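Along the sequence shown, residues carry numbers from 1. Values below: every heavy atom of this structure, side chains too, minus hydrogens, waters and symmetry copies. As the structure is a prediction and not an experimental result, all values here were calculated from the model.
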Amino acid sequence: MTQLIFLPHEEICPEGAVIQAEPGETICDAALAAGIEIEHACEKSCACTTCHVIIREGYDSLAEADEVEEDLLDKAWGLEPESRLSCQAKVGNEDLVIEIPKYTINMVSEHH
């Protein structure tokens, strides 16, 4: 099992969180299964950027993003070199430290 360490996020996980994930599982699926409500407006079909995360540690352990993900990431709020869409980034064998950005480009959220 791989540890996913989520840094504190004001709304989604104010205390931060440490969860376990199976290699090959997406960051989004692991987070949702653990009760971390990452937005995923396109239902994890790689059609939006609401599940954007920044990998603060362990980025190189993830498989490279494909062209569709790269194109979408260009539209994400707060894009950084270590940004990924959590619905596409599959966990490897190395622990990850993950930051959920404060904002998304989603103007409507089902949870508010």
Side-chain angles (χ1 to χ4, degrees):
M1 294 285 266
T2 303
Q3 269 195 341
L4 305 186
I5 302 157
F6 286 87
L7 298 175
H9 180 281
E10 189 175 304
E11 294 178 15
I12 297 172
C13 57
E15 306 294 319
V18 178
I19 65 171
Q20 301 293 319
E22 292 286 343
E25 185 176 18
T26 67
I27 292 170
C28 188
D29 285 340
L32 292 171
I36 300 170
E37 293 296 323
I38 290 180
E39 284 193 57
H40 52 288
C42 71
E43 295 301 319
K44 304 180 277 185
S45 66
C46 196
C48 72
T49 63
T50 60
C51 71
H52 168 227
V53 294
I54 302 163
I55 310 301
R56 294 294 180 202
E57 291 180 26
Y59 181 84
D60 291 335
S61 70
L62 301 173
E64 287 189 32
D66 65 19
E67 191 173 327
V68 174
E69 181 182 356
E70 290 284 352
D71 288 346
L72 278 170
L73 276 170
D74 288 340
K75 300 172 185 166
W77 183 91
L79 183 67
E80 295 193 18
E82 294 81 24
S83 288
R84 292 295 301 265
L85 297 181
S86 67
C87 73
Q88 300 300 302
K90 292 185 179 174
V91 174
N93 292 314
E94 188 176 323
D95 293 349
L96 302 174
V97 176
I98 302 163
E99 179 180 347
I100 302 169
K102 186 172 183 176
Y103 301 106
T104 72
I105 61 168
N106 193 13
M107 298 299 172
V108 178
S109 178
E110 295 78 23
H111 299 290
H112 298 284

Item to check | Where at least one partner belongs to residues 54-65, residue pairs that pass salt bridge (charged side-chain N to carboxylate O under 4.0 Å, His left out), sequence neighbours excluded | outcome: Arg56-Glu80, Arg56-Glu99

Checklist entry - Which atom pair, heavy atoms only, marks the closest approach of Ala65 to Glu70? => result CB-OE2, 3.4 Å

Next on the checklist: Working to the nearest 0.5 angstrom, can you tell me the gap between Leu32 CG and Ser86 OG?
Outcome noted: 7.5 Å

Item to check | Point-to-point distance, once rounded to the nearest 0.5 Å, from CG of Leu4 to CD of Glu25 | outcome: 8.0 Å

Next on the checklist: Once rounded to the nearest 0.5 Å, what's the spacing between atom OG1 of Thr50 and atom CD of Glu43?
Outcome noted: 9.0 Å

Item to check | Student check: side-chain heavy atoms of Ile55 and Ile98 closer than 4.5 Å | outcome: yes

Item to check | Nearest-0.5 Å distance that lies between atom CG in Asp74 and atom CD in Glu69 | outcome: 11.0 Å

Next on the checklist: Among residues at least two apart in sequence or on other chains, which ones pass salt bridge (charged side-chain N to carboxylate O under 4.0 Å, His left out) with Lys44?
Outcome noted: Asp29

Checklist entry - Given the rule in the side-chain contact (heavy atoms from CB on, under 4.5 Å) test, do Cys51 and Ile38 qualify, once you have shown the distances and angles that lead to the verdict? => result CA-CA 6 Å; Cys51 71; Ile38 290 180; 3.8 Å; yes

Ignoring hydrogens and angles, write down the donor-acceptor pairs under 3.5 Å from the side chains of residues 12-23, residues two or more places apart or on other chains.
none

Next on the checklist: Are more than 12 heavy atoms, taken from residues, nucleotides or ligands other than Asp66, located less than 6.0 Å from that residue's CG atom?
Outcome noted: yes

Checklist entry - Do you know which two heavy atoms are closest between Ile54 and Ser83, and how far apart they sit? => result CG1-OG, 3.8 Å

Item to check | Closest approach of Glu94 to Gly58 (non-hydrogen atoms, all atoms of both residues) | outcome: OE2-CA, 3.3 Å

Checklist entry - Considering all heavy atoms of both residues, which atom of Cys46 and which atom of Val68 are nearest to each other, and what is their separation? => result SG-CG1, 3.7 Å

Checklist entry - To the nearest 0.5 Å, what is the distance between NZ (Lys75) and NE2 (His52)? => result 14.5 Å

Item to check | Same cluster (ILVMFWY, side-chain, under 4.5 Å), Tyr59 and Val53 | outcome: yes

Checklist entry - Does Met1 belong to the same Ile/Leu/Val/Met/Phe/Trp/Tyr cluster as Val91, with side-chain heavy atoms less than 4.5 Å apart forming each link? => result no

Checklist outcome for this item: Nearest heavy-atom contact between Ile36 and Phe6 is CD1-CD1, 3.6 Å

Checklist entry - So, Thr2 side chain and Gly92 main chain: donor-acceptor pair closer than 3.5 Å or not? => result yes

Next on the checklist: To the closest 0.5 Å, what do you measure between SG (Cys28) and NZ (Lys90)?
Outcome noted: 13.0 Å

Item to check | Leu96 versus Ser61, closest heavy-atom pair with distance | outcome: CD2-OG, 3.6 Å

Item to check | Pairwise side-chain contact, Thr49 with Leu73, heavy-atom cut-off 4.5 Å (strictly under) | outcome: no

